Amino acid sequence: MIQNLLEGKRGIIFGALNEKSIAWKVAEKAKEQGAIFTLSNTPAACRMGEVIDLSHKTEAELIPADATSVEDLQNVFARSQEVLGGKVDFVLHSIGMSLNVRKKRLYNDLDYNFLGKTLDISAISFHKMLQVAYKMDAISEWGSVVALTYVAAQRTLFGYNDMADAKALLESIARSFGYIYGCERHVRINTISQSPTATTAGSGVSGFDGLMDFSDRMSPLGNASADDCANFCVTMFSDLTKKITMQNLFHDGGFSSMGMSERAMSQYNKSFESEK
């Protein structure tokens, strides 16, 4: 990768929890590439999680916030501009949680209160984040906003549950807000559809290990790792991608374009042999 790709750029990274988090990897890569930024996560995660260590490592101020609270988000953007010395150039939304998934509620037996929370935390928080930033004029011209998503927004994958609905909404928000922000302030907004990745949140999905193995067998390049995703995010924050906006960018080793791979077919046929 080109060195100092983010030299002189300021940003906010939402959602880093521990070393498994994609947002954690993004923070490390952004620091390596010369960026300065703040970190934000829930007050509970900031108190009890490992993100304090990341804050020290990257010399980034940690700002506790509930991403579903407009008031908290206003504080994050105001404080970030104060700490960093100006408008931010990039924002990462790496936030997702489903109580239905955690409680193992099936899609045809959802708790609707849980569903409301899933949508608010995993998708509507993105709209709130963008609207707060827009009204505060907190993102520089040609700035870049990236949110992490998954192919379950387009295809049914067993076990992903109501998170699939949340990701579909997230991607729609990126397109709708991307048009407005692009026309008026040249800010670009995209989503990255990442391979299944062994994060704390991802591991809660039913049958996750099987899902990872299946997508790895299906993908010509294999699954993209958290480190790979972090590199892609850094590229999207940089000036090399100034004319990319309103896109859902698949970063999955080719999985999204596949029907059946030789490796997956071989494993599928073996399953019949065991029944003989």
Side-chain angles (χ1 to χ4, degrees), residues 1-16 22-23 25-41 54-55 58-63 65 67 69-95 125-149 170-171 173-192 229-249:
M1 181 182 284
I2 301 170
Q3 293 304 305
N4 299 319
L5 204 54
L6 301 183
E7 189 71 38
K9 293 197 178 295
R10 300 178 280 255
I12 305 173
I13 296 173
F14 288 88
I22 292 174
K25 303 294 186 183
V26 172
E28 291 178 330
K29 297 287 185 181
K31 176 69 174 177
E32 289 174 11
Q33 291 296 325
I36 58 173
F37 49 85
T38 59
L39 300 166
S40 185
N41 208 323
L54 179 65
S55 172
T58 59
E59 301 177 291
E61 180 163 321
L62 179 58
I63 308 173
S69 165
V70 169
E71 184 178 355
D72 281 10
L73 290 171
Q74 288 171 336
N75 179 61
V76 172
F77 279 97
R79 179 60 184 163
S80 294
Q81 290 181 86
E82 181 182 340
V83 169
L84 301 175
K87 296 181 183 181
V88 299
D89 302 296
F90 64 87
V91 178
L92 176 70
H93 179 286
S94 182
I95 301 169
S125 64
F126 188 44
H127 191 285
K128 291 175 180 178
M129 195 177 290
L130 291 167
Q131 184 163 293
V132 164
Y134 178 84
K135 289 185 175 182
M136 294 178 68
D137 194 20
I139 302 177
S140 303
E141 187 176 28
W142 299 110
S144 175
V145 182
V146 170
L148 300 182
T149 185
L170 182 85
E171 293 173 17
I173 291 168
R175 290 188 295 270
S176 297
F177 230 119
Y179 170 74
I180 296 169
Y181 234 143
C183 286
E184 297 187 10
R185 300 180 192 174
H186 295 148
V187 171
R188 57 201 196 272
I189 302 172
N190 296 284
T191 53
I192 293 176
C229 188
N231 285 330
F232 191 24
C233 287
V234 166
T235 305
M236 291 303 298
F237 295 153
S238 78
D239 291 337
L240 298 179
T241 54
K242 286 179 70 171
K243 291 300 179 77
I244 301 175
T245 195
M246 300 167 63
Q247 301 301 306
N248 179 48
L249 302 163

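What you are looking at is a predicted structure, and each value in this text was computed from that prediction instead of being measured.
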For I139 and V91, what are the C-alpha separation, side-chain angles and deciding distance, and is it a side chain to side chain contact (heavy atoms under 4.5 Å, CB included)? CA-CA 9 Å; I139 302 177; V91 178; 4.3 Å; yes
Any non-hydrogen side-chain atom of [X] less than 4.5 Å from a side-chain atom of [Y]?
X	Y	answer
V234	F90	no
C233	L92	yes
L249	V146	no
L54	L39	yes
K9	V88	no
H127	F177	yes

Separation between [atom1] of [X] and [atom2] of [Y], rounded to the nearest 0.5 Å:
X	Y	atom1	atom2	value
I189	I244	CD1	CD1	14.5 Å
E82	L84	CD	CG	10.0 Å
T58	E32	OG1	CD	11.0 Å
M236	S144	CE	OG	5.5 Å
Y179	E184	OH	CD	8.5 Å

Please determine which of I95, I173, V145 meets the side-chain contact (heavy atoms from CB on, under 4.5 Å) test together with M129. I95
Check for me whether R10 meets the cation-pi criterion with F37, that is, NZ or CZ under 6.0 Å from the six-membered ring centre and within 45 degrees of the ring axis. no
Where do [X] and [Y] come nearest, in terms of heavy atoms and distance?
X	Y	answer
A16	N41	O-ND2, 2.7 Å
L73	S125	CD1-O, 4.3 Å
T191	A174	CG2-CB, 3.7 Å
L130	Y181	O-CE1, 4.0 Å
D89	G8	OD2-O, 4.0 Å
Q33	L5	OE1-N, 2.8 Å

Going through the checks in order, is the side chain to side chain contact (heavy atoms under 4.5 Å, CB included) test met by F77 and I12? CA-CA 8 Å; F77 279 97; I12 305 173; 3.6 Å; yes
Pair E28 + K31: basic N to acidic O under 4.0 Å: no
Taking 4.0 angstrom as the limit, do E141 and K87 come out as a salt bridge? no
Ring centroids only, cut at 6.0 angstrom: are F14 and H93 within range, meaning strictly under it? no
Just wondering, are more than 12 heavy atoms of other shown residues or ligands nearer than 6.0 Å to CD in E71? no
Taking atom types as modelled, is there a side-chain donor on E171 or T149 under 3.5 Å from an acceptor on the other? yes
Is there a donor-acceptor pair closer than 3.5 Å between any side-chain N or O of [X] and the backbone N or O of [Y]?
X	Y	value
R185	Y134	yes
T38	L62	no
R175	N190	no
S69	D72	yes
Q247	T245	yes

Between N231 and K25, is a side chain to side chain contact (heavy atoms under 4.5 Å, CB included) present by the stated rule, with each step listed? CA-CA 9 Å; N231 285 330; K25 303 294 186 183; over 6 Å; no
S238: what forms a side chain to side chain donor-acceptor pair (under 3.5 Å) with it, not counting sequence neighbours? none
Do C229 and L148 pass the side chain to side chain contact (heavy atoms under 4.5 Å, CB included) test, and can you show the C-alpha distance, the side-chain angles, and the key distance before you say yes or no? CA-CA 9 Å; C229 188; L148 300 182; 4.0 Å; yes
